[in-house]
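Here is how names work: the chains are called A, B, and so on, in the same order as the sequence lines, proteins then strands, and each is numbered from 1.
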Amino acid sequence: MPELPDVEGFREVLSSCGGGRRVTNVEVRDPGVLRGVTVRRLRNEVVGERFGEPRRHGKWLIAPMDDGPVLVWHFGMTGALVCACADEPPDPHDRVVLTLDDERQLRYRDQRKLQGVQLAGNEAAVGHILADLGPDALAVSGEDFRRLLDGRRGAVKNVLMDQSALAGLGNLLSDEILWRAGVAPDRAARELSAAEVRELHTAMRRVLASSVRAARVPPRRSWLTGRRDDPDPRCPRCEGRLRSRRFSGRRTLWCPRCQSRPPGADRDVHPGKGG
DNA sequence: CGCCCGTCCTGTCCGC
DNA sequence: TGCGGACAGGACGGGC
């Protein structure tokens, strides 16, 4: 699930539930989500600490604590951060539970455990963890966006999903943005026209703004995302049948009519004519 | 470098 | 009803 908008929601949860609160207990219900940190060290370094203001970069959530250690979360496909009262029964997928000094709890819930939580000793260590990420998708300017697409070979869908190029977009957002901009996912990123790049950047900003408000990519019927799970998915704009293909192993949906091919690429649409 | 694949995990759904 | 396999909104490392 979690792409930039979801993680932005988790940041909000952490900020409103944990901001300024002291951690009174750390319960690791499944150490399988700890990355590069032991249960013992996590408890030693975090119990007694107070949360500062959390921030987000791409799909990463960064939670500094007042004495220097920093919790660094990634949510994989199924992770979430939820705020609960201490007397609420735990969910079977609650992997790490932080009890706060007001008897509420921050719970890291994750079915698949594809990612997890790290503990950085200081900000320099955080920088190391996030070193390979591109600029955050919410912060990137039109010019930077153009440069970043120009700097990559390959299909625009792969570039949008590449966290080292641009941080925050996942499979759903990428499809949604490409559809909104009318750009086919297999177009070469560096061969897009200036107008197409502007369309993409505008679509990205709008899709992100709506999604952040909803803390998820909203599954509206008027969005491509709202049609993904249909047995016969159709374009919300023209109701034509959507095409489906894998990009980097991820299912990709697009509308061949609304997401036009580059000039000349429809040359082989009628095989047998050309030779 | 770009791209494909397997792998890390768990749960669900589909076909036999 | 049971079981194997594919697949799910992510990321990483290896190999071509």
Side-chain angles (χ1 to χ4, degrees), chain A residues 1-10 28-36 56-61 72-81 90-96 108-118 128-134 136-137 147-180 185-192 204 207-208 210-212 214-220 223-233 242 244-254:
Chain A
M1 174 213 316
E3 302 179 69
L4 185 156
D6 310 79
V7 181
E8 185 60 21
F10 303 150
V28 179
R29 304 173 61 86
D30 185 341
V33 298
L34 302 189
R35 304 286 147 133
R56 181 194 56 73
H57 188 98
K59 305 175 192 173
W60 294 81
L61 179 59
V72 181
W73 308 82
H74 196 291
F75 299 90
M77 280 201 192
T78 51
L81 193 65
D91 181 278
H93 300 115
D94 285 343
R95 312 295 188 184
V96 177
Y108 176 63
R109 186 169 293 174
D110 189 11
Q111 176 195 120
R112 284 174 70 184
K113 302 188 282 184
L114 291 176
Q115 298 291 320
V117 59
Q118 305 185 46
H128 189 69
I129 294 170
L130 308 180
D132 290 337
L133 293 178
D136 186 80
R147 265 195 289 276
L148 147 183
L149 290 173
D150 279 347
R152 302 272 169 154
R153 294 177 173 280
V156 59
K157 161 102 185 198
N158 286 341
V159 177
L160 292 181
M161 290 225 303
D162 185 342
Q163 302 300 297
S164 70
L166 183 65
L169 306 185
N171 196 34
L172 289 194
L173 280 171
S174 301
D175 280 6
E176 194 68 47
I177 290 163
L178 287 163
W179 174 75
R180 194 88 77 105
D186 59 347
R187 295 285 302 286
R190 58 167 47 169
E191 283 163 20
L192 297 174
M204 179 171 79
V207 167
L208 282 175
S210 297
S211 301
V212 165
R216 61 190 297 200
V217 189
R220 296 177 194 146
W223 286 37
L224 192 70
T225 304
R227 310 291 184 107
R228 293 186 78 85
D229 298 330
D230 292 3
D232 176 26
L242 295 174
S244 172
R245 210 200 101 180
R246 285 180 177 277
F247 279 79
S248 326
R250 324 302 303 284
R251 177 171 176 244
T252 298
L253 289 183
W254 79 100

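As judged by a 4.0 angstrom heavy-atom cut-off over every strand, A:R35 is placed among residues making no nucleic acid contact. At the heavy-atom level, A:D110 lies nowhere under 4.0 Å from the strands shown. Among the protein residues, A:R152 comes within range of the sugar-phosphate backbone only, with heavy atoms under 4.0 Å from sugar or phosphate atoms but none that close to a base.
The listed nucleotides are C:dG9, C:dG10, B:dT10; the one nearest the side chain of A:M77 is C:dG10.
In this structure, A:F247 atom CZ and B:dC3 atom P are separated by 9 Å, rounded to whole Å. One atom, CD of A:Q115, and another, P of C:dG9, lie 15 Å apart when rounded to the nearest Å. Summarising the geometry, the separation between CH2 on A:W223 and C1' on C:dG9 is reported as 14 Å, rounded to the nearest angstrom. Put simply, CG on A:D94 is 16 Å from P on B:dT10, counting in whole angstrom units.
Every side chain to side chain contact (heavy atoms under 4.5 Å, CB included) that A:A137 has, sequence neighbours left out, goes to A:L4, A:L166, A:L169, A:M204, A:L208. Taking the side chain to side chain contact (heavy atoms under 4.5 Å, CB included) definition, one finds that A:D232 meets it with A:R234, A:R241, sequence neighbours left out. For A:R29, the side chain to side chain contact (heavy atoms under 4.5 Å, CB included) partners two or more places apart in sequence, or in a different chain, are A:E27, A:P90, A:D94, A:V97. Shown here are the side chain to side chain contact (heavy atoms under 4.5 Å, CB included) partners of A:H74, two or more places apart in sequence or in another chain: A:K59, A:W60, A:Q115.
Of the side-chain N and O atoms in A:K113, none sit less than 4.0 angstrom from OP1 or OP2 of B:dC8. For A:H93 and B:dC9, the shortest distance from a side-chain N or O to OP1 or OP2 is not below 4.0 Å. The phosphate of C:dA11 (OP1 or OP2) has a side-chain N or O of A:Q163 nearer than 4.0 angstrom. Look at A:R246 and you'll find a side-chain N or O under 4.0 angstrom from OP1 or OP2 of C:dA8. Distances shorter than 4.0 Å separate none of the side-chain N or O atoms of A:N158 from OP1 or OP2 on B:dG2.
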Notebook entry, point to check: How is the base pairing of DNA chain B summarised as a dot-bracket string, given the Watson-Crick and G-U wobble criteria with both distances under 3.5 Å, [ ] for crossing and | for another strand?
Noted result: .|||||||.|||||||

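For the salt bridge (Lys or Arg N to Asp or Glu O under 4.0 Å) condition, the pairs that include at least one residue of residues 155-172 of chain A, sequence neighbours left out, are A:R152-A:D162, A:K157-A:D175.
Taking the centre and axis of the six-membered ring of A:W223, the NZ or CZ atom of A:R180 falls inside the cone set by 45° and 6.0 Å.
Relative ring orientation between A:F247 and A:W254 is described as perpendicular, the plane-to-plane angle rising above 60° on a 0-90° scale split at 30° and 60°.
Using C1' as the reference atom, B:dC9 and C:dG2 are 23 Å apart when rounded to the nearest Å.
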